[in-house]
Amino acid sequence: MGSGFYISKTVGIVGILVGVAALSTIIALSVVYSQEKSRNTQVSPTNGGTTATSTTPTPTPSNKPWDQYRLPKSLVPDHYTVTLWPRLEPDSNTGLYIFTGHSVVKFKCVEDTDLILIHSNKLNFTRQENQQLAMLTSTSGAAPVPSIRTSWLQTVTQYLVLELDAKLVKDQSYQLYTEFTGELADDLGGFYRSEYTENNVTRVVATTQMQPTDARKAFPCFDEPAMKARFNITLIHDHGTVALSNGMEIGRCLATVFEQTEKMSTYLLAFIVSDFSFINSTIDGVRIFARRAAIDANQGDYALNKTGPILKFFEEYYNSTYPLPKSDQIALPDFNAGAMENWGLITYRETALLYGKDFSSNSNQERITTIIGHELAHMWFGNLVTLRWWNDLWLNEGFASYVEYLGADKAEPDWNVKDLIVLNDIHRVFAVDALTSSHPLSSNEEDIQKPAQISELFDAISYSKGASVLRMLSDFLSEDVFKQGLQTYLREFAFETAVYTDLWKHLQQAVTDTHTSLPSKVDEIMNTWVLQMGFPVVTINTTAGTVSQQHFLLDSNAVVTTQSKFNYQWIVPIRWMKTKAPQNIFWLQEKSVSVEDMKVGGADWVLANLHVVGYYRVNYDQNNWERLLGVLSTDHKAIPMINRAQLVDDAFNLARAKIISTVLALRTTKYLKNEREYMPWKSALNNLEFFYLMFDRSEVFGVMQVLVLLQEPRPCSGIILVTSHLPNHTLPPSCSHMHIQLKTHKNARRTPTHAPHTHPIHSGPGTAAHWVQPSPVTRYTLKPKLIRKQDATSTIVYIARNVIGQSLAWDFIRANWYGGGSFSFSNLINGVTERFSTEFELQQLKQFQLDNADVGFGSGTLALQQSIERTQANIRWRLENQEMVLNWFTAEGKS
């Protein structure tokens, strides 16, 4: 069997252009990457004046409180008064952009202590009259105030440490005053700097991203979610600029003072100084801020028009009025996440908030609507009621990732956007959760301590699996019962913190009050989904009438070493139909049971996981598979549209797990010539992408492409795959092949309001080759300033998706790894290694892991383990399936 690289002359020429473009991008990125590496090795962000830092002791393992990553429980903040002055011009002495500030935090002592620990990271403190880094006073006057004996910065655990000469007294309140300086860096975290060019003038924005642990980079604070407090913020800024924060501004004259916030967590704070303009709605108090040129071009209008209806929907859904007097949303040129739910001041990437109908894509419009829905959902679930610690992040983000579709559906009811959770979340996370290196939704609190461990939780499991299991829960309870429990939960814990089991208690009470029938209590059912990793494949044998479950693993040879007290069994709600007729829900609570109703013969057939409301895959006996394939071929609309997408996705992944044959999986695509709905096509496209990745360096690739060309109707030829889908999720009758519309904004880099999936380089399976657009790459990436740090990860990943750019991207990552920074390391590692399927690449991955063991992998630690496991599975799959796939495509091409 040949293992060479088979390409045509035309593809070869395109490949050369791609290679040049990719190399140009790598050169430019290397400059950005090296700058970031240099910045992350700096010890002190500022220098000079009256500011000083004390020497940090060399960290050694100890049981001292300042060597622990969690705060002691002895002090509880009540409110902060913070004044910050960001400089939008570089310091004349250091050349750095800086901010200065002073802060007073009032706190209550709940346990006698002679130690104050408060978070601080990369801040330099001005010594006070007492020659210490802070001043301590009493607010009650009832007891003498201890003096600060020593003070220092503990950089590893990110504390300002204050040792006192006497104990603080229980139930007494105190105030801590500090003055500090920090760098307004371009690192996308804490209080940071964003830049953009307008009318050939470089403009600077001071903005924030606190989640999860970067409020401590802006001012000293008790930076844990449970340490809720009120905040009085004042921003000093230049004439001609606008200051924003969580509260409504109440005074503005060089210094803008804001109303005191509600009681909230530090990670939800935001403050921004810019010269942006805004549009607003007088009806619901919504304001959209952005660059003046974007506002003047009406690019904020769509978001403004949709925010009000979504807010109104959530007020009704939660049965609770919006808890704040304003709702500001701002589009930032540089922003690492898609958006952030800061209470009252939501921050977005420009592509997640701004929309231009003349050049933005359909997918951009959908993305804006769902992201607004996601962030507004947090205003109650996450902000009003906050999870006590980051180990329950999945409930916060999973819930918002579920109900974002409900909010978007309210704003755009003609789009059927609620269905897309199946493609965007369920199918997406199945790929990760089918690995032995996956992890449960909820972790033990003591296992999540360090900032890097917290950051690692922001993954597909927390967001997409969380959304999937909560959607399943809402379905089997019914939406009304689910909302009833949710509403009482929000009322009890308003402005406080909770744990995920508190929600289960309220849902159980709703079940009891409504006499809803369940096979077990809510917590007993949900614990099987929350406290163990993975998910089951449910196998229905329609000949024998049996239903069974087993832990689904993509690699059938993988060994699960993580123990589960549930022995990888789940309590599974099965919605199903028999020959077009929906049946009553069936609960699978054992490993295997007999179900006489699921025993069929003749032309009858069984379809399970109706509308894919359950978080599991489904397999059938061969006879039922054949009957389902027959229905797809002759009367595909007899099967619900979402389940047609499910049959394709389940079949391909069952084949990868060697549960069914690869040929059977490929046969599920043959009916698609008659399919006009988007979701089944997209499901097939996603799965055939795996074939492209595995075989684009082999002779199989050419045969696959020939079959694609033979099946493609001429009116659709030439359409390239880039953006997502049509608003109504259907394909034009003349386009029966897997095409997605292309709307590329040629000035994508200079005007950031382009389609979210249009990157400087974008590759994917086309009709004749893996197409990219090299010209914009060479134009925009030869100058390093034209590659924003927020786009660095996605740019590298898109290079790696191209077969020629793959090795360039991987070599670049290996040569420049430094273990920390603003890049999204989990996405980076997964994206660059997804094509790996050779023993050589596996050994490179393992060597990369060894070579960088000292510096570590930060938020990419788990992603690296998953990449190794996935590569091992890919190697075996290629060896076992390449000849079979080649023969099938060859035979189909001749038929």
Side-chain angles (χ1 to χ4, degrees), residues 426-440 459-461 464-465 468 532-539 548-564 566-570 591 615-619 648-666 668 686-698 700 826 829-849 857 860-885:
I426 298 176
H427 288 177
R428 168 181 177 246
V429 73
F430 272 166
V432 178
D433 209 20
L435 302 175
T436 61
S437 50
S438 184
H439 63 87
D459 65 356
I461 297 295
S464 294
K465 181 175 181 178
S468 303
Q532 63 182 347
M533 68 179 184
F535 59 92
V537 51
V538 172
T539 298
S548 61
Q549 62 168 295
Q550 69 181 72
H551 184 191
F552 179 79
L553 296 171
L554 270 179
D555 184 356
S556 60
N557 296 320
V559 177
V560 178
T561 57
T562 303
Q563 297 297 312
S564 166
F566 305 102
N567 296 316
Y568 292 102
Q569 275 187 219
W570 290 262
K591 185 77 172 177
Y615 186 70
Y616 53 90
R617 294 199 181 278
V618 184
N619 182 34
V648 173
D649 192 72
D650 277 355
F652 272 88
N653 284 276
L654 291 169
R656 286 180 65 180
K658 296 196 290 190
I659 295 174
I660 66 173
S661 73
T662 300
V663 167
L664 175 57
L666 287 166
T668 64
N686 290 342
N687 282 284
L688 287 175
E689 169 70 4
F690 174 73
F691 280 62
Y692 278 102
L693 291 172
M694 293 301 98
F695 297 132
D696 61 3
R697 295 173 288 181
S698 76
V700 178
S826 58
I829 292 173
N830 279 322
V832 171
T833 62
E834 65 176 344
R835 180 183 273 104
F836 283 11
S837 58
T838 67
E839 189 64 36
F840 177 70
E841 289 164 333
L842 176 62
Q843 294 309 314
Q844 281 189 325
L845 256 178
K846 291 181 175 180
Q847 190 62 47
F848 173 66
Q849 185 180 41
F857 301 93
T861 302
L862 185 58
L864 181 59
Q865 297 171 7
Q866 292 168 347
S867 295
I868 291 173
E869 183 181 351
R870 186 172 55 245
T871 300
Q872 291 170 330
N874 289 347
I875 291 170
R876 283 190 285 269
W877 188 89
R878 272 197 67 195
L879 291 173
E880 294 168 0
N881 288 276
Q882 182 163 332
E883 185 174 0
M884 182 193 309
V885 171

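Atoms considered below: every heavy atom in the structure, side chains included; atoms not considered: hydrogens, waters and symmetry mates. The residues of the chain are indexed from 1 along the displayed sequence.
- The OG atom of Ser464 lies 9.5 Å from the CD1 atom of Ile426; values are rounded to the nearest 0.5 Å.
- Asn881 is not listed as a side-chain neighbour of Met694, based on a closest heavy-atom distance of 4.5 Å or more.
- With rounding to the nearest 0.5 Å, the separation of CD in Gln872 from OG1 in Thr436 is 8.5 Å.
- In terms of heavy-atom proximity, Ala665 sits nearest to Ala655 at CB-CB, 4.0 Å.
- For the ring-ring contact (aromatic ring centres under 6.0 Å, His included) with Phe552, the lone residue among Tyr615, Phe430, Phe535 that qualifies is Phe535.
- To the nearest 0.5 Å, the span separating CD on Gln882 from OG1 on Thr662 amounts to 12.0 Å.
- Side-chain contact between Arg878 and Ser698 is present, with heavy atoms from C-beta onward closer than 4.5 Å.
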Give the C-alpha distance, both sets of side-chain angles, the deciding distance and a yes or no for side-chain contact (heavy atoms from CB on, under 4.5 Å) between Phe691 and Val885. CA-CA 9 Å; Phe691 280 62; Val885 171; 3.7 Å; yes
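- Gln849 and Ile868 make their closest contact through OE1-CD1, 3.5 Å (heavy atoms, listed as atom of the first residue, atom of the second, distance).
- Between Ile461 and Ser438 the shortest heavy-atom distance is CD1-OG, 3.5 Å.
- Counting heavy atoms from C-beta on, the side chains of Trp570 and Gln532 come closer than 4.5 Å.
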Evaluate the side-chain contact (heavy atoms from CB on, under 4.5 Å) criterion for residues Thr838 and Leu842: first the C-alpha distance (whole Å), next the side-chain angles of each, then the deciding distance (0.1 Å), finally the verdict. CA-CA 6 Å; Thr838 67; Leu842 176 62; over 6 Å; no
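- Here CD of Glu869 is found 10.5 Å from CG of Asn874. Values are rounded to the nearest 0.5 Å.
- Checking His427 against Asn653 by side-chain atom types alone, no donor-acceptor pair falls below 3.5 Å.
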For a side-chain hydrogen bond (donor to acceptor under 3.5 Å, both in side chains) check, start with the C-alpha distance between Asn619 and Asp650, then their side-chain angles and the critical distance, and finish with the verdict. CA-CA 8 Å; Asn619 182 34; Asp650 277 355; over 6 Å; no
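- The minimum heavy-atom distance between Ala651 and Ile660, with the atom names listed, is O-CD1, 3.4 Å.
- A donor-acceptor pair under 3.5 Å is formed between the side chain of Asp433 and the backbone N or O of Gly534.
- Interatomic distance, NZ of Lys846 versus OG1 of Thr871, reported as 10.0 Å (0.5 Å rounding).
- If you look at Phe695 and Trp877, their ring centroids are closer than 6.0 Å.
- The distance from atom CE of Met533 to atom OG1 of Thr562, rounded to the nearest 0.5 Å, is 4.5 Å.
- Under the 4.5 Å side-chain criterion, counting only non-hydrogen atoms from C-beta, Val537 is not in contact with Gln549.
- Side-chain contact between Gln844 and Phe848: absent, with no pair of heavy atoms (C-beta onward) separated by less than 4.5 Å.
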Begin from the C-alpha positions of Ser837 and Arg697 and carry the test side-chain contact (heavy atoms from CB on, under 4.5 Å) through to its verdict. CA-CA 10 Å; Ser837 58; Arg697 295 173 288 181; 3.5 Å; yes
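- Contact of the Asn686 side chain with the Arg428 side chain is not registered, since no non-hydrogen atoms from C-beta on lie closer than 4.5 Å.
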His439 vs Asp459, test: side-chain contact (heavy atoms from CB on, under 4.5 Å). Steps then yes/no. CA-CA 11 Å; His439 63 87; Asp459 65 356; 2.7 Å; yes
Steps toward salt bridge (Lys or Arg N to Asp or Glu O under 4.0 Å) verdict (Arg656, Asp555): CA-CA 7 Å; Arg656 286 180 65 180; Asp555 184 356; over 6 Å; no
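- Between Ser867 and Leu845, the shortest heavy-atom contact is O-CD1, 3.8 Å.
- Checking Glu839 against Gln843 by side-chain atom types alone, a donor-acceptor pair falls below 3.5 Å.
- A salt bridge is absent between Arg835 and Glu841: the closest approach of a Lys/Arg side-chain nitrogen to an acidic carboxylate oxygen does not fall below 4.0 angstrom.
- The side-chain hydrogen bond (donor to acceptor under 3.5 Å, both in side chains) test applied to Tyr616 returns no partner, not counting sequence neighbours.
- Looking at heavy atoms from C-beta onward, Val432 lies out of side-chain contact with Lys465 at the 4.5 angstrom threshold.
- Residues Leu435 and Leu553 come closest through the heavy atom pair C-CD2, 4.4 Å.
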